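First up is the structure itself, then whatever we jot down about it.
Computation of the quantities below employed the complete heavy-atom set of this structure, encompassing side-chain atoms and omitting hydrogens, waters and symmetry-equivalent molecules. Bear in mind that the values here come from a model prediction, so they are computed numbers and not experimental data. The chains referred to below are lettered A, B, ... by the order of the sequence lines, with proteins before strands, and numbering in each begins at 1.
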2 protein chains.
Amino acid sequence: MAMAANILVVDDEKSIADLIEVYLKNENYNVLKFYNGRDALLCMEKESIDLAILDVMLPDINGFSICQQIREKHNFPVIMLTAKDEEIDKITGLTLGADDYITKPFRPLEMVARVKAQLRRFTKYNAAEPAPEENAIVFSGLALSKDKHECTLNEKPLSLTPTEFSILWVLASNRGRVVSSEELFHEVWGDKYFTNSNNTVMVHIRHLREKMQDSAERPKYIKTVWGVGYKIEG
Amino acid sequence: MAMAANILVVDDEKSIADLIEVYLKNENYNVLKFYNGRDALLCMEKESIDLAILDVMLPDINGFSICQQIREKHNFPVIMLTAKDEEIDKITGLTLGADDYITKPFRPLEMVARVKAQLRRFTKYNAAEPAPEENAIVFSGLALSKDKHECTLNEKPLSLTPTEFSILWVLASNRGRVVSSEELFHEVWGDKYFTNSNNTVMVHIRHLREKMQDSAERPKYIKTVWGVGYKIEG
DNA sequence: AAGCCGGCTTAAGACAATCTTAAGAATTTG
DNA sequence: CAAATTCTTAAGATTGTCTTAAGCCGGCTT
């Protein structure tokens, strides 16, 4: 089941932004709309974006500047919006990494078509690389290999029991996101059980932390979010 | 058995409106015909419309204006009718949200084809999937992520308790609107409780304001509207 | 201007989620 | 089959969070 693509729309002209939103939502895209650059940049950190539509002229930050920042940190296509007479900027915009540009005023249906084209192109190239099923997770000193069932932390091997490995795997593959102990339980043990004793999970977390030289009070890796669950940072 | 689609037709030229009606009825559509904008707008409130055909030039209200109002309140495709020489308006019409346009004079069968195309397109996309639940809210320096259960204000992280997070989430997702403490209570705690003690809500608001370096007397973010509730500005 | 009423503040006690520990049950291994 | 390892359960300790209540303050009304 494919998730609807998240599209970031940034334009200080509310009417334009709203128009784009209407059309994209009509195509069942998930639209994240902003009227200034700062909020948009903030949003990128929180959300996983699939495509961005940026106005060149923004009140706080130049659209090109945003585009550059996207290129540095992220990897999704960018479409720039530019007034018809800003001829020179076209080239500049493309040079700085935009994947396409649309001049205002534009026909909404054409805009939608271009968005689709970019998404198609992007997913096509990206469909090549990633293995259908993740087999290894590596980030910030932590490395997990599913088929080897091995784990190293800062090059030092950790000998984990099967359950511990599974828990860490679930946390790592959801890194950044808080996972409740109920969810963890179901991911690791399967849906067949219906115990309310998430205490079991807790004990394993405890063991994990011990082996990772982590602690509950000052967690370096597995953080507990009170009343919600556990999470491991990216 | 699929219900015949309701099609709203608005044109002050009676002959044109009648012509459209004849052809659409021939295709077994249910036609709601009006010769002015006001009656058409009224009708939309009463009836469930599937598609609208609007003339640009109307005696009382501009066709574009109607189109905008449809976009705000409803979610059905709009086809605009425009005289051949109104070249410039084509773009404007589309810009304001029309899904298609037909220039007069037109060939009735082409008109019918376009209606069918729009209905097909619309129902297809609407069958796709319901809009995914919002996961992040970002605006004017405030950023909330449900997944990460994190909150930042002007790039500075706020560590919120679960209840505080929920309250801020409700306020943020209703930004601009005043939310009464009763409503807040029900949104956050659920409908199972029936205490009238909105005092609890107040205390949490207090804590929130403290963490946001906000104050009741000179509120920057969470404003109290006397006798009504709380609100957070967009 | 005075008094009422709604909102604000504060802190302490109640409560609930998490942590820790250890022992016994289950499972795997030799 | 015995030993070792791993998993689960349970109970108490601990900590973070929520609620309650009482007094204060300030805007609204007469």
Compare side-chain N and O positions of [X] against OP1 and OP2 of [N] and report whether any pair is under 4.0 Å apart.
X: H204(A); N: dT8(D); answer: yes
X: T163(A); N: dT6(D); answer: no
X: Y230(B); N: dG6(C); answer: no
X: T200(B); N: dT20(D); answer: yes
X: T161(A); N: dC7(D); answer: yes
X: W226(A); N: dT14(D); answer: no

How many whole angstroms separate atom [atom1] of [X] from atom [atom2] of [N]?
X: R206(B); N: dA21(D); atom1: CZ; atom2: P; value: 20 Å
X: N199(A); N: dA13(D); atom1: CG; atom2: C1'; value: 14 Å
X: M202(B); N: dT9(C); atom1: CE; atom2: C1'; value: 9 Å
X: R209(B); N: dC8(C); atom1: CZ; atom2: P; value: 5 Å
X: K211(A); N: dT5(D); atom1: NZ; atom2: P; value: 11 Å
X: R218(B); N: dG27(D); atom1: CZ; atom2: P; value: 11 Å
X: N198(A); N: dC7(D); atom1: CG; atom2: C1'; value: 16 Å
X: K223(A); N: dA17(C); atom1: NZ; atom2: C1'; value: 20 Å

Apply side chain to side chain contact (heavy atoms under 4.5 Å, CB included) to residues E21(A) and V9(A) and explain how you reach the verdict. CA-CA 8 Å; E21(A) 181 186 24; V9(A) 174; 6.0 Å; no
In terms of relative ring orientation, are H204(A) and H207(A) parallel, tilted or perpendicular, with 30° and 60° separating the classes? perpendicular
Counting distance only, does the side-chain N/O of D55(A) pair as donor-acceptor with the main-chain N or O of E13(A) below 3.5 Å?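 Absent.
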Quick one: does any side-chain atom of N198(A) pair with a main-chain N or O of E182(A) as donor and acceptor, under 3.5 Å?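 No, the answer is negative, given that no donor and acceptor are paired below the 3.5 Å cut-off.
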Going by an N to O cut-off under 4.0 Å, is there a salt bridge joining D147(B) and K46(A)? no
